[in-house]
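Read the numbers this way: they start at 1 and go in the same order the structure lists the ligands and their atoms. What you see is a predicted model, and the numbers here were worked out from it, not measured in a lab.
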Amino acid sequence: MYQAPRGTTDILPEDQPYWRYVESTFQQTARSFGYRRIDTPIFEDTGLFQRTVGEETDIVQKEMYSFVDRGEQSLTLRPEGTAAVCRAYLEKGMQNLPQPVRLSYVASMFRYDRPQAGRYRQFNQYGIEAIGDADAAVDLEVIQLALGVVEALGLGKTTMVLNNIGDVEDRPRYLAALQAYYELHTDKLCTACRHRYHANPLRLLDCKQQSCQPFLADAPRSTDYLGGGAKTHWEELLGYLNDLGIPHRLDHRLVRGLDYYTRTVFEIIPEKDGSQSAICAGGRYDGLIKQLGGKSTAGIGFAAGIERIILNLQAQRVEVPMEESGPLVVAFRGAQAKMEAVRLVRNLRTQGNAVVLAPERSLKAQMRYASSLDAPRVFILGDAEMAQGAVTVREMASGTQQQLPLADFTPGG
Ligand code: HAM
């Protein structure tokens, strides 16, 4: 027996109401903020992710599903959405549109991650990108949209964690300070952090190992190393958040696992028994478009893990709108009735109904089948009905039945 590959899930019919609820809530909120949907290919040039997400990140080093196709091209199943949306922005000339361009997506992502609850190898994100405006008011908008979806979904209390990791130009001074601080502790760091110390010092702040925790509190803070532009931008954003009373927690250890971020970074974390896994995360990436060969262009966005959101909705027993009732069912007995049943199914569908022809079994078994589909009404064609050119219509909830002329259901009848 084959099984679904490790880290993947089947989204069964009974799971669909949650998916519809999350996607439609997101789409509605995104539209109300002026975002328009974009869909990009499932795979892209491997180089796109290497360049933007970063050679030294876990995603590029360990988690990409890359393959060489028959044309000898190295392709990768997208591990995230931002790089692809920025590629499309440039390739499709969106830099020539009035800026900023607001784009939204709902898409599957692929990462060779260690599967566990809320962590999968194929997972789905909803996300947005606002490209072409560096104004702090856009940071505010993106944060409001991220929080707006979470609120509209009815998710319980969450915390928004916020930091500013500065511009690319501010980075060397800050990284030097970070390395100088950690230099005193290198012998006590975990193996991964000893590597990070050289390869990607920013990620030292992100270490979850117990042995590295004591060094985090006193580590230099990126917000103390912001250049003039980033500092004004940061203060303006904090001003908006405070003025509008948007709760947030500043955390100098929030650095994110993708290299393209600049300035604002944030995550939304559900507030339940110490859970640390973000349901939504994002930030600014003012250097990314230029890195892809475009002119210097600001950008900011977020993505949310739909599986994680659904796990939280289910844990909190949030009611989601269930499926409307099942289809109408047409039951029959005998060859002549079957011919009539096939016609009736077609006619009812033409009138805009969802209709299913019952499988050819005893009438009793057909009624059971109709119940299993949650059919509101069953149309029965037996010998008596055939003789009278009629159909018996049974209301499943009440059990009441009435005979109606078949002609009532023929087009023009
Ligand atoms: P990310 O933090 O890698 O950011 O992913 C965003 C969200 O996707 C996470 O907070 C989490 O909810 C979900 N997620 C990530 N990995 C997994 C996984 N293996 N299984 C289930 N859910 C997962 C990005 O992807 C950026 N592109 C976000 C962004 C958009 N930044 C700017 N614009």
Side-chain angles (χ1 to χ4, degrees), residues 5-9 11 22 26 30 35 38 40 44 48-49 52-54 57-60 62-65 77-89 100-131 138-139 141-143 145-146 149-150 153 155 158-163 165 203 206 254-270 275-289 297-313:
R6 206 160 118 75
T8 68
T9 38
I11 306 170
V22 174
F26 165 68
Y35 285 73
I38 183 169
T40 59
E44 297 272 352
L48 175 68
F49 302 114
T52 57
V53 172
T57 57
D58 282 354
I59 294 182
V60 169
K62 306 186 236 172
E63 298 175 0
M64 295 210 299
Y65 280 92
L77 299 185
R78 63 177 168 221
E80 63 101 42
T82 310
V85 170
C86 289
R87 191 267 309 135
Y89 169 90
V101 175
R102 293 181 168 85
L103 300 167
S104 70
Y105 50 90
V106 177
S108 291
M109 307 294 163
F110 305 84
R111 295 183 194 175
Y112 190 81
D113 220 330
R114 199 157 42 84
Q116 51 187 285
R119 191 176 293 283
Y120 310 96
R121 290 183 175 170
Q122 177 176 349
F123 60 98
N124 294 275
Q125 289 183 340
Y126 66 72
I128 58 124
E129 313 295 345
I131 307 177
V138 181
D139 300 46
E141 170 186 299
V142 167
I143 289 171
L145 173 42
V149 183
V150 167
L153 286 169
L155 276 176
T158 56
T159 306
M160 198 241 311
V161 188
L162 193 65
N163 193 18
I165 58 170
R203 300 282 296 163
D206 203 25
L254 179 66
V255 292
R256 311 273 302 118
L258 303 99
D259 281 355
Y260 51 60
Y261 288 112
T262 55
R263 298 193 178 187
T264 312
V265 288
F266 67 97
E267 290 188 352
I268 300 176
I269 297 168
S275 161
Q276 277 306 299
S277 54
I279 50 173
C280 175
R284 199 162 256 298
Y285 44 85
D286 292 346
L288 204 164
I289 300 271
T297 306
I300 178 167
F302 71 77
I306 300 182
E307 286 82 357
R308 287 191 195 176
I309 288 193
I310 291 177
L311 284 174
N312 278 280
L313 288 172

Residue pairs meeting salt bridge (charged side-chain N to carboxylate O under 4.0 Å, His left out), one or both in residues 104-116, sequence neighbours left out, come to D113-R119
Taking R308 for the side chain and G118 for the main chain, is one N or O donor matched with an acceptor at less than 3.5 Å?
yes
Which residues pass the side chain to side chain contact (heavy atoms under 4.5 Å, CB included) test with A303, sequence neighbours left out?
Y105, Q125
Taking everything shown except Y65 itself, do over 12 heavy atoms lie less than 6.0 Å from its OH?
yes
At a 4.0 angstrom heavy-atom cut-off, ligand 1 is contacted by E80, T82, Y105, R111, D113, G118, R119, Y120, F123, Q125, E129, R256, L258, Y260, Y261, A278, I279, C280, A281, G282, G283, Y285, G301, F302, A303, G305, R308
Can you list everything that forms a side chain to side chain contact (heavy atoms under 4.5 Å, CB included) with R102? Sequence neighbours excluded, please.
Y35, P100, E141
If we ignore hydrogens and angles and just use 3.5 Å, is the side chain of R121 paired with the main-chain N or O of P5 as donor and acceptor?
no
